[in-house]
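These notes concern the structure reproduced below.
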Protein chains: 2
Amino acid sequence: MGHAVSSQNVDIRRVAAEAGVSIATVSRVLNHPERVSPETRARVLETAARLGYRPNPNGKRLRKGRAETVGLVIPSPQGRFADSFFLELLAGLGEGLSEAGLDLLVATCPPGSDELACYRRLVEGKRVDGLVVARTRRYDERIAYLLERGVPFVAHGRSDLIAEPYPYLDLDGREGFYRAARRLLQLGHRAIAYIGAPREFNFALHRLEGYRQALLEAGVPLRVDWILEGDLSEESGYRLAGGLLEAPEPPTAILCANDLMALGVLRALRERGLRAGREVSVIGYDDIPQAQYADPPLTTLHQPFREAGRRLVEMLLARLGGAPVAGLQEVWVPELVLRGSDGPPQGERRFP
Amino acid sequence: MGHAVSSQNVDIRRVAAEAGVSIATVSRVLNHPERVSPETRARVLETAARLGYRPNPNGKRLRKGRAETVGLVIPSPQGRFADSFFLELLAGLGEGLSEAGLDLLVATCPPGSDELACYRRLVEGKRVDGLVVARTRRYDERIAYLLERGVPFVAHGRSDLIAEPYPYLDLDGREGFYRAARRLLQLGHRAIAYIGAPREFNFALHRLEGYRQALLEAGVPLRVDWILEGDLSEESGYRLAGGLLEAPEPPTAILCANDLMALGVLRALRERGLRAGREVSVIGYDDIPQAQYADPPLTTLHQPFREAGRRLVEMLLARLGGAPVAGLQEVWVPELVLRGSDGPPQGERRFP
DNA sequence: CCGGCTTGTGTAAACGTTTTCCACATCATA
DNA sequence: TATGATGTGGAAAACGTTTACACAAGCCGG
């Protein structure tokens, strides 16, 4: 009945005194309830609740030698931070972690500073028990570092050039773009260009590979002047699309390694009076929020980032619990969501 | 010369022994360098560096009774998380905090759960020394709670219904929309509609007030059927714009309380074959990344969230240092950035 | 030449937990 | 009734810091 007390500074000692037991017992009630008799357990729980007792995390952390915290480093680029990926991931991570009673430590890495230093600060400063590594690169020095130090972590995305096994959850860009390209081929397209991502990123090669495979299977020869590399920005999509469209023989479809570049392509089309989904088909990748408000709404590959975040937490928890890496490698297939930016090619069209 | 040692478990005792001093001296060297003689200081620093010593934050936190951590609670709505606001803010906070040697604890608050519980967990669980409160509401129970408990915090945005003073940094929505409305008036518009935000949010009233003031000063009577309230989503902008445009006497300009709704308005216009910036002018608020890629690019009010984040850290630091609230209340004026979605009204136009 | 002040360092006591012993009942069993 | 086995709870030792206090040495002015 007693309502909450001014829980200003109630520690385990206070609870113990109030309940007429030793602090060890209080601790046991909270951490190993089965090792204490039901009567005392009930009594302790009651007084703890009455006093509003919350174990001080720092005492706990110090004693247990753990941080009870998981880290995430977000690179924060110079300009606008258009990247909702991290926010979605964050939501998933946060939900999963709070259920597990762990804290989430977020460090942002300013553009200039080297990223690895941020990781070092968290790891060597014992601020986290484990980490989530996002946006993996082809050879990812962060992963190499964490493996070398034996720090538990999970990666969102693979890093193909790292031999040693580690836990990851990846979205299958190869399969995704294989499906996207097949969609275009089935619509009748044969002149399909590809605007890719910097080779540094691991996913860049996977996506390109999906595109190649689909075309080769369909007997469509690859054209080297239709395989471009952007920097993932809207601007670069716009620029590269301009080049493609001005060429004597422009493609009838353009596949983009991310939505931002696809939006740039849409802009380039609009400027030339071309309609996406009619004269030229465009497919993106990521399904960022803007995609559905684009004109026309962008056909793209959806990646369930929030769900990925939740799953990553489960995997990390397993890893922290000592589970072997073997069972902790997953690849999900992104879903092709059809909107308005793709359609059958229009045979008669010709533009300079 | 000696290169880094296997810094696996080097604690202050180890450094002390190696340097031939007591642990107190090592601690002093690190925390109060001036209280130790230059010679020993140099010797200790050298050995600490050689051993790769990093003070264990948990020991420190326990002893000092502080968490050395600042908290931020991000509400994570159900659907897509289109809100780059938090990411920008996060970047600013992260940069500022890491300079100050503080950690940033991010908690995400799932839609169902009550937000206050998240704050309570952080505060009463002694997980943070201070908090940043974003997206303040007209009467903000989070602020009331923090004030009541005497927890240091800074708010991004004001909460008008709270009497007691507290530190905040706000963007002046009144002034912002006053300027936006004046811009439209100067272009010659007289039929200006307003799509606002839920009254629950504090900024909603400020923005509306700016709109009203500008119109009243210009002698333009307010029309109640032109003052609408959306829910900040693209969808609601689209829907409300539809209503405005179908009316017998549609407005020539629409002011929106955020960019997302403005994008919805643009979509509604496109569907009706109307061009934003020609037949109807549209101005948004926030300058989200999508704004510059919209068709046409959206004229809007820019809010420097990252800079705000940095400043908020400074303010919070001052507050943690015991500075009085008085000097910690700032209001910045957002900047009107002209893009393509506004223009002079076209007198002869009429549509059903 | 001595009391007091300054300067530099060491000793030891916290900070609030968890956990490893141990001690003590209680109880069934021989 | 002695003897383990079992269950329960207490005492105390960590975990790695910071800091109040004590102490020794050196310096100063009287």
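Below, chains carry the letters A, B, ... as their sequence lines are ordered, and counting in each starts from 1.
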Legend entry - 5'-most by nearest nucleotide on DNA chain D - A:V36 or A:I23: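 Its nearest nucleotide lies further toward 5', so the answer is A:V36.
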Legend entry - Presence of A:H32 side-chain N/O under 4.0 Å of C:dT18 phosphate oxygens OP1/OP2: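 Negative; the distance criterion is not met.
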Inset, instruction - Examine D:dG9: is either OP1 or OP2 under 4.0 Å from a nitrogen or oxygen in the side chain of A:T40? Give yes or no. - result: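 For D:dG9, OP1/OP2 do have a side-chain N/O of A:T40 under 4.0 Å.
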Inset, instruction - Look at the side chain of A:R28 against the base of D:dG10 and say whether a donor-acceptor pair falls under 3.5 Å; ignore hydrogens and angles. - result: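 When only heavy-atom distances are counted, A:R28 does reach the base of D:dG10 through a donor-acceptor pair under 3.5 Å.
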Legend entry - Check: C:dT17 base within 3.5 Å donor-acceptor of A:R63 side chain: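 Flag unset: no donor-acceptor pair detected.
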Inset, instruction - Provide the closest heavy-atom pair for A:N31 versus A:K60 in the form atom of the first, atom of the second, distance. - result: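 Minimum heavy-atom contact is OD1-NZ, 4.2 Å.
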Give a yes or no on whether a salt bridge exists between [X] and [Y], defined as a side-chain N under 4.0 angstrom from a carboxylate O.
X      : Y      : result
A:E18  : A:R14  : yes
B:E330 : B:R158 : no
A:R28  : A:E34  : no

How would you label the contact of [X] with the nucleic acid (heavy atoms, under 4.0 Å): base, sugar-phosphate, or nothing?
X     : result
A:S37 : sugar-phosphate
B:R13 : base
B:N58 : nothing
B:R61 : nothing
B:T25 : sugar-phosphate

For [X] and [N], what is the distance between atoms [atom1] and [atom2] respectively, to the nearest whole Å?
X     : N      : atom1 : atom2 : result
B:Y53 : D:dG16 : OH    : P     : 10 Å
A:L30 : C:dT19 : CG    : P     : 12 Å
B:R35 : C:dT9  : CZ    : P     : 13 Å
B:I12 : C:dG10 : CD1   : C1'   : 13 Å
A:N56 : D:dC15 : CG    : P     : 19 Å
B:R43 : C:dT9  : CZ    : P     : 8 Å
A:E34 : D:dG9  : CD    : C1'   : 15 Å
B:K64 : C:dA13 : NZ    : P     : 22 Å

Considering only side-chain heavy atoms of [X], which listed nucleotide, [options], is closest?
X     : options                : result
B:S22 : C:dG10, D:dT17, C:dT19 : C:dG10
A:L62 : D:dC15, C:dT17, D:dT18 : D:dC15
B:A24 : D:dT19, D:dT17, D:dG10 : D:dT19

Inset, instruction - Let me know, please, whether B:R41 or A:N31 comes out on the 5' side of the other along DNA chain C by nearest nucleotide. - result: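 Upstream on the strand: B:R41.
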Inset, instruction - Flag the pair A:P304 / A:L171 as yes when at least one side-chain heavy-atom distance between them is below 4.5 Å, and no otherwise. - result: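 With C-beta onward as the side chain, the pair touches.
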Inset, instruction - Apply the test ring pair (Phe, Tyr, Trp, His ring centres under 6.0 Å) to residues A:F86 and A:H156: give CA-CA distance (whole Å), side-chain angles for both, the deciding distance (0.1 Å), then the verdict. - result: CA-CA 11 Å; A:F86 279 106; A:H156 181 271; 9.1 Å; no
